[in-house]
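Just below is one structure, and these are the notes that go with it.
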Amino acid sequence: MIEAVLAVVGLVVGFGANQAITKQRLGSAEADAHKELDKAKKEATKLVDQAREEANKAVEETRKEELTRRKELKDLEERIVTREESLDKKLDDLDTRSENLRRNEDEIEQLKNEIRDVRSKQQDKLEKIAKLTKSDAAEKLMQMTEKDIKNDLLGLVNKLQNEAKDNAEEQAALIITTAMERMASEVTAERTVTSIKLDDEEMKGRIIGKEGRNIQALQRATGVDIMVDDTPGYVVLSSFDPVRREVARQTLEMLMKDGRIHPGRIEEVVAKAQLIVEKDVIRAGEDAAREVGVIGIPKEILHLLGELRFRTSYGQNVLKHSTEMAHIAGIIAEEVGADVKTTKYAALVHDIGKALTHKIEGKHHHISGEILRKYGAPEEVALAAEQHHDDVEATSVEALIVRTVDAISASRPGARNISAENFGERMKDLENVANSFPGIDKSYAISAGREVRIFVKPESIDDLSAIKLARDVATKIESTMQYPGTIKVNVIRETRAIEFAK
């Protein structure tokens with residue numbers, strides 16, 4: 001019990017002591033807080049004073065700036081007013097000058113009218129004295145002048161024409177001979193291989209196969225007629241398409257070398273040969289373009305150009321003929337100032353229509369022009385290629401050059417394997433065709449068979465009939481003869497009146 005009482009007394013004493021300590025601490029904290037508050041008030045007052053001073057300074061500076069700007073504006077207004085006054089003065093001066101100019105113009109116009117009147121009176125007096133009008137006098141003066149110088153002008157014109165003609169012929173001959181000398185080409189013509197030699201007769205039987213199965217498979221796969229019995233020791237290939245003929249040739253050579261010949265193997269070898277020929281065609285076209293220095297040719301045109309490697313015209317390889325033409329055409333174009341690139345391009349591709357003559361109807365130069373336009377060749381190139389034969393009028397220097405070098409390349413010695421006998425027969429056939437029509441006096445085949453000149457009897461054939469005769473002769477030549485290029489039919493009708501004075 002005593003212990004409990006003591007514990008309670010201890011708690012009461014401790015609580016009282018704790019309260020006393022707490023009151024003491026609160027009093028000390030309150031005093032510190034008052035001190036801090038007084039200090040903060042002093043600092044705030046100081047900051048307010050500083051802010052007030054800075055604000056006063058800013059206001060003062062603003063007032064000064066406003067005064068300065070007002071002064072500047074006032075100066076500007078004064079300058080503007082001065083300029084306006086100056087402009088008004090200038091405008092007044094301009095008005096005065098304009099008025100003076102108008103007065104001067106009126107005076108000048110009045111003087112002009114007076115001068116015209118004086119000239120008109122003088123002209124009337126001169127016409128009365130000379131008894132000629134102004135137009136009559138001018139006409140007579142022109143007639144006198146023309147009479148005085150007419151003979152001199154005619155002589156000068158004739159002299160210049162003759163000199164130009166002589167110089168042109170000499171210059172053209174020099175350019176052509178120079179180009180031909182600079183272009184060295186093979187003389188022996190290359191011919192497309194159309195037959196394959198057999199090692200023995202046993203191979204012929206293997207090619208034919210049991211009941212003809214092998215040869216039928218070959219013909220079906222290549223599209224070429226294969227004749228094994230016509231020529232002993234040879235297999236002859238016949239096709240209008242030279243590329244197919246080349247595929248068949250390579251197929252047969254590979255089959256004979258391998259020895260295994262049966263329909264399944266034939267299809268495999270034909271596919272392989274087609275790939276080889278296709279690569280050869282593309283390579284041949286690219287090599288030809290690279291050889292003559294023509295770039296930018298579309299790949300479709302290059303492909304057709306490469307196919308000309310397997311095409312011949314009278315024994316002359318068409319691709320070699322085209323590259324030879326391109327070289328010569330470039331030399332001539334450079335000499336005469338024509339477009340070298342266009343000329344070489346057109347000469348190189350002028351005969352690509354021959355690669356399609358078995359597929360498309362028409363003359364090869366017309367086909368060439370259509371194909372070149374179709375695949376995006378320049379129009380000037382298409383025109384020059386289309387106009388390289390005489391049945392289409394040449395409209396550019398480049399077309400004339402291509403036409404010229406085509407004749408040079410085709411007619412040089414050794415270019416085509418035409419014998420003198422065949423040549424003579426063709427010339428004779430041309431004359432016979434012309435002489436078969438009524439009213440013909442005589443006819444001559446000239447220019448290596450590229451032209452036939454027909455002299456008609458003027459009393460039998462008039463001018464309109466001569467035109468019809470030329471068309472009929474050309475039609476008959478086309479239907480009855482085989483010839484390279486074009487043939488010009490020239491009908492000549494001449495009437496002569498002869499009388500003797502005694």
Side-chain angles (χ1 to χ4, degrees), residues 189 191 238 240 311-316 318 321 325 350-351 353-370 385-394 399-400 402-496:
R191 302 191 64 175
S238 176
F240 288 106
R311 181 69 182 260
T312 59
S313 177
Y314 288 85
Q316 184 181 29
V318 179
H321 162 66
M325 276 184 57
H350 77 287
D351 268 348
K354 288 185 177 180
L356 297 169
T357 50
H358 59 288
K359 299 178 182 178
I360 302 176
E361 293 184 2
K363 296 181 178 180
H364 72 276
H365 51 289
H366 295 302
I367 299 174
S368 296
E370 293 175 3
E386 188 177 35
Q387 296 169 358
H388 77 272
H389 281 313
D390 293 335
D391 62 333
V392 181
E393 182 181 358
L400 288 172
V402 174
R403 182 179 296 185
T404 301
V405 296
D406 184 38
I408 292 173
S409 177
S411 61
R412 66 179 177 82
R416 294 182 171 180
N417 58 351
I418 303 176
S419 66
E421 182 180 356
N422 292 336
F423 179 77
E425 288 180 359
R426 188 161 66 89
M427 300 284 281
K428 187 177 180 180
D429 290 341
L430 271 177
E431 294 178 357
N432 290 336
V433 169
N435 292 330
S436 64
F437 288 84
I440 305 298
D441 185 15
K442 50 191 173 181
S443 61
Y444 301 101
I446 61 174
S447 300
R450 293 183 179 271
E451 180 180 353
V452 55
R453 289 186 181 176
I454 304 170
F455 293 85
V456 299
K457 299 175 183 178
E459 64 275 8
S460 302
I461 297 180
D462 56 15
D463 290 340
L464 293 177
S465 299
I467 297 173
K468 183 177 183 299
L469 177 63
R471 185 172 62 251
D472 293 341
V473 172
T475 302
K476 187 170 182 180
I477 291 173
E478 290 178 355
S479 61
T480 60
M481 295 185 62
Q482 296 291 330
Y483 52 91
T486 58
I487 297 176
K488 180 180 179 182
V489 179
N490 190 359
V491 176
I492 301 172
R493 179 179 182 271
E494 182 180 22
T495 304
R496 294 186 182 184

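Excluded from the calculations below are hydrogen atoms, water molecules and symmetry mates; all remaining heavy atoms, backbone and side chain alike, are included. Because the structure is a prediction, the values reported are computed rather than measured.
- Side-chain atoms of Glu451 do not come within 3.5 Å of backbone N or O of Lys488 as any donor-acceptor pair.
- The shortest non-hydrogen separation linking Ile440 to Ala434 is CG1-O, 3.4 Å.
- Atom CD1 of Ile454 sits about 10.0 Å away from atom CD of Glu431, to the nearest 0.5 Å.
- Partners of Ile461 according to the side chain to side chain contact (heavy atoms under 4.5 Å, CB included) rule, which considers only residues two or more places apart in sequence or in another chain, are Val456, Ser465, Ala466, Leu469.
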Fill in: Worked check of side chain to side chain contact (heavy atoms under 4.5 Å, CB included) between Lys354 and Ile367
CA-CA 8 Å; Lys354 288 185 177 180; Ile367 299 174; over 6 Å; no

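- Side-chain contact between His321 and Asp406: present, with at least one pair of heavy atoms (C-beta onward) separated by less than 4.5 Å.
- With a 4.5 Å cut-off on side-chain heavy atoms, Val473 and Ile477 count as touching.
- Among all heavy-atom pairs drawn from Asn435 and Lys442, the shortest one is OD1-C, 4.3 Å.
- Ser436 and Lys476 get closest at one heavy-atom pair: OG-NZ, 3.0 Å.
- Smallest separation of non-hydrogen atoms from Pro458 and Arg493: O-NH2, 3.0 Å.
- Looking at Arg403 and His350, their side chains never come closer than 4.5 Å, going by heavy atoms from C-beta outward.
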